[in-house]
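Step one of this worksheet: look at the structure below.
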2 protein chains.
Amino acid sequence: MRPREFDHDDVLRIAFDQFWRKGVRGTSLSDIARDAGVQRGSLYNAFGSKEALFLQAYERYAGDYLVALQKALGAGSLRKRLTAFFDLTITNFRSGSPPRGCPTTRGLMELGAAEGEGLDEDARKAFANLVSRITALVQDALSAGTERGEFSGNPAVAALHIVTVTRGLAVLERAFDDEPQLRRIAAHTIDLVLGKGAR
Amino acid sequence: MRPREFDHDDVLRIAFDQFWRKGVRGTSLSDIARDAGVQRGSLYNAFGSKEALFLQAYERYAGDYLVALQKALGAGSLRKRLTAFFDLTITNFRSGSPPRGCPTTRGLMELGAAEGEGLDEDARKAFANLVSRITALVQDALSAGTERGEFSGNPAVAALHIVTVTRGLAVLERAFDDEPQLRRIAAHTIDLVLGKGAR
DNA sequence: GCATTATTTGACACGATGTCAAGAATATGG
DNA sequence: CCATATTCTTGACATCGTGTCAAATAATGC
C-alpha cells in the first residue's frame, strides 16, 4: 500500500471553499488540484468524480453547520432561539467572499440539474437528510416552547414552514442582495409563528 | 439583409423546454440546435451565448406565468386567491417531465453560480424583476383583502413572506419529491397569514 | 444589376471531465 | 532482508461543450 500524499480533510476543505466561492459549475477539478497541490488524477482516484467530491465536501460542512444550529436553537426563550436561528442562517449567506448565498441550496440546485444520473439521487438524499435534521432541531425547540407556553401550534408543520422560509431566503438572497430585507422577512416569520405579529 | 431561416419564438420555446427538462447546465447548445433544426453558430449569432439564450427563453416563459398568476390571484375570497396562487405554484413544479422543480429558481441558481461575469448581473436583475412582480400581485390581493376585512397586517412584508415561502417550496421540492407535504406547508402558510391557524 | 448587410456554415481554439496504463512508493509475508 | 502485492501518482488521451472567426450565401435598397 502506497500512502496518500495529501490530507483527505484538507482537500475537502479546500474544495468546499472553491465550490462556495465559484459554485460547483464554476469550479474545475484543475482549480482544486492546483490549490491543494495535488494531481487531478489523484482526486479522481480518491473521490471518484466532481459531484462525489462536492458531496463529501458538503457533508463535512453540513456537520459543522448542524452543530452551530443546535447551539443557536438551544438557548434562551423560544423567540430568542428562533431569532438566533434565522440570524445564523442569514449571516451564513453573507459571510465569506462573494458571490454569497447558501452553499447547500446552490449546490443542490446545480447538481440536481442533470437528468437522473445516479449521483443526482445521492445529492437529493444528502440534502433531504440535512433539511430533515434542521427541521428536527427547529421542531424540538418549538416543542420545548410548547411546554413553556411560548408556542401553541403544531410543531411538526410549523418547523417545516420555518425551514421552508430559510430556503426561500437563500433564493431571494441571490436575487436582491438586500440583507435588511431578509431580516425583515425573518422577523415577520417569527412573529407569525409566535402569534405576536401585528395582524 | 438576409432573412433568418428559423422562427425566433420557436427556438425560445424549444430552448426553454430543454432547459426545463435537463437544466441549464445539462443542456448544450448542440442539443437545442439539433432540436430546432438550426446550426449552432446561428444560435450564437442570434442570441449571443447560452446564458443570454436562457434569459430570453426564461423571460418568455415568465410573461405567460405572470398572466396565469394574475388570474389566480384575482378571483374570489382572499383565502381562495392565495390557495389558487400556491396551487398554481406547486402544480407548476410538477407538471411536465422530470426532473421537475421551478425552472426559474433552478435556472437562476445555476446561472448565478459563476463568478461575477456580466451576464450574471442580468440574470439577477431578471429574476429580481420577476420576484418583484409576483410580490406586487400578492400584495395587491392582500391589500384588497385588507379593505374587505379578510386581512389586517402589513401587505408589503406579508407578500414578501409568502413569495419567500414559494421559493422555499421550489427548493424543498427537489429534496423531497413529496407533493402532499408541499401542500401542507402552503396551507399552513395561508392559515398563518390569515390568522385562522390553529395556534 | 450591384453593393450592402445580415445570416449561415464549418473549422478552429480552448478548457473541462473522465479514463487508462505505466511508474513509484510503501506495507506485508516469507 | 528481500520480493511481491497493493495502492497511489502521473501524464497522455478521448470526448464533449463553449465561444470565435472568416468565408460563403442570400435578400434588400439604390
Side-chain angles (χ1 to χ4, degrees), chain A residues 1-12 14-16 18-19 21-58 107 110-120 122-123, chain B residues 1-12 14-19 21-58 107 110-123:
Chain A
M1 290 256 297
R2 175 175 178 175
R4 209 159 261 171
E5 292 180 4
F6 59 89
D7 185 87
H8 200 262
D9 263 31
D10 282 353
V11 169
L12 286 184
I14 290 169
F16 187 82
Q18 299 253 353
F19 285 139
R21 290 198 336 251
K22 302 187 293 189
V24 177
R25 184 195 189 184
T27 303
S28 75
L29 282 202
S30 305
D31 294 339
I32 297 170
R34 187 177 356 90
D35 250 49
V38 175
Q39 211 71 16
R40 206 167 51 88
S42 297
L43 295 182
Y44 279 99
N45 175 55
F47 300 99
S49 73
K50 183 175 169 179
E51 293 205 358
L53 172 56
F54 170 75
L55 281 186
Q56 290 185 49
Y58 152 73
E110 286 190 72
L111 280 196
E115 218 155 7
E117 279 169 3
L119 250 178
D120 197 341
D122 288 356
Chain B
M1 292 256 295
R2 176 175 178 176
R4 208 159 260 170
E5 291 180 5
F6 59 89
D7 185 88
H8 199 260
D9 264 30
D10 282 353
V11 169
L12 287 185
I14 289 170
F16 188 82
D17 180 63
Q18 299 251 354
F19 286 136
R21 290 194 340 247
K22 302 186 293 187
V24 176
R25 184 194 190 184
T27 302
S28 74
L29 282 202
S30 306
D31 294 339
I32 296 171
R34 189 180 352 92
D35 249 49
V38 175
Q39 212 71 16
R40 204 167 52 88
S42 297
L43 295 182
Y44 278 99
N45 176 55
F47 300 100
S49 72
K50 184 175 168 179
E51 292 203 1
L53 172 56
F54 170 76
L55 281 186
Q56 289 186 50
Y58 150 75
E110 286 191 73
L111 280 197
E115 220 157 1
E117 279 169 3
L119 250 177
D120 197 342
E121 192 57 17
D122 288 356

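To find a chain, count down the sequence lines: A is the first, B the second, and so on, and within it residues start at 1. If you're wondering where the values come from, they're calculated on a predicted model, not measured in any experiment.
Remark: the backbone N or O of Ile32(B) is not paired with any side-chain donor or acceptor of Asp35(B) at under 3.5 angstrom. Under the 3.5 Å distance criterion, the side-chain polar atoms of Lys50(B) are matched with a main-chain donor or acceptor of Val24(B). Of the possible polar contacts, none joining the Asp10(A) side chain to the Asp7(A) backbone as a donor-acceptor pair under 3.5 Å is found. Checking side-chain atoms of Ser42(B) against main-chain N and O of Val38(B) turns up no donor-acceptor pair under 3.5 Å.
The interatomic distance linking Asn45(A) (CG) with dC8(D) (C1') rounds to 6 Å, in whole Å. Between the CZ atom of Phe54(A) and the C1' atom of dT17(C) there is a distance of 17 Å, given to the nearest Å. Going from atom CZ of Arg25(A) over to atom P of dC16(D) covers 19 Å, rounded to whole Å. Straight-line distance from the OH atom of Tyr44(B) to the P atom of dG17(D): 11 Å, rounded to whole Å. For the pair Phe47(A) CZ and dT9(D) P, the computed distance is 10 Å after rounding to whole Å. Atom CG of Leu43(A) is separated from atom C1' of dT10(D) by 13 Å (rounded to the nearest Å). Between Arg4(A) atom CZ and dT6(D) atom C1' the separation is 13 Å, expressed in whole Å.
OP1 or OP2 of dT9(D) lies within a sub-4.0 Å distance of a side-chain N or O belonging to Ser42(A).
Taking 4.5 Å as the limit, some side-chain heavy atom of Arg4(B) sits within range of a side-chain heavy atom of Phe6(B). Counting heavy atoms from C-beta outward, His8(A) and Phe47(A) have side chains that approach closer than 4.5 Å. Contact annotation: the side chain of Glu51(B) never approaches that of Leu55(B) to less than 4.5 Å [non-hydrogen atoms, C-beta and beyond].
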Could you list, one pair per line, each protein nitrogen or oxygen that sits under 3.5 Å from a nitrogen or oxygen of nucleotides 24-26 of chain D, together with the distance?
residue, atom, partner, partner atom, Å
dT25(D), O2, Arg2(B), NH1, 2.6

Can you pull every protein N or O that's under 3.5 Å from an N or O on nucleotides 10-13 of chain C?
residue, atom, partner, partner atom, Å
dG10(C), OP2, Gln39(B), NE2, 3.0

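Here Lys22(A) contributes atom NZ and Thr27(A) contributes atom OG1; the two are 4.5 Å apart, rounded to the nearest 0.5 Å. Atom CG in Leu29(B) sits 12.5 Å away from atom CD in Gln39(B) (nearest 0.5 Å). If you take CD1 on Ile14(B) and CG on Leu53(B), they are separated by 11.0 Å, rounding to the nearest 0.5 Å. Of the inter-residue distances, the one linking Leu12(B) atom CG with Phe19(B) atom CZ reads 10.0 Å to the nearest 0.5 angstrom.
Residues of residues 30-38 of chain A having a heavy atom closer than 4.0 Å to DNA chain D: none are found.
Relative to the side chain of Leu29(A), the nucleotides dT17(C), dT18(D), dT8(C) differ in distance, and dT17(C) lies closest. For Ser28(A), counting side-chain heavy atoms from C-beta on, the closest listed nucleotide (dT18(D), dA16(C), dG18(C)) is dA16(C).
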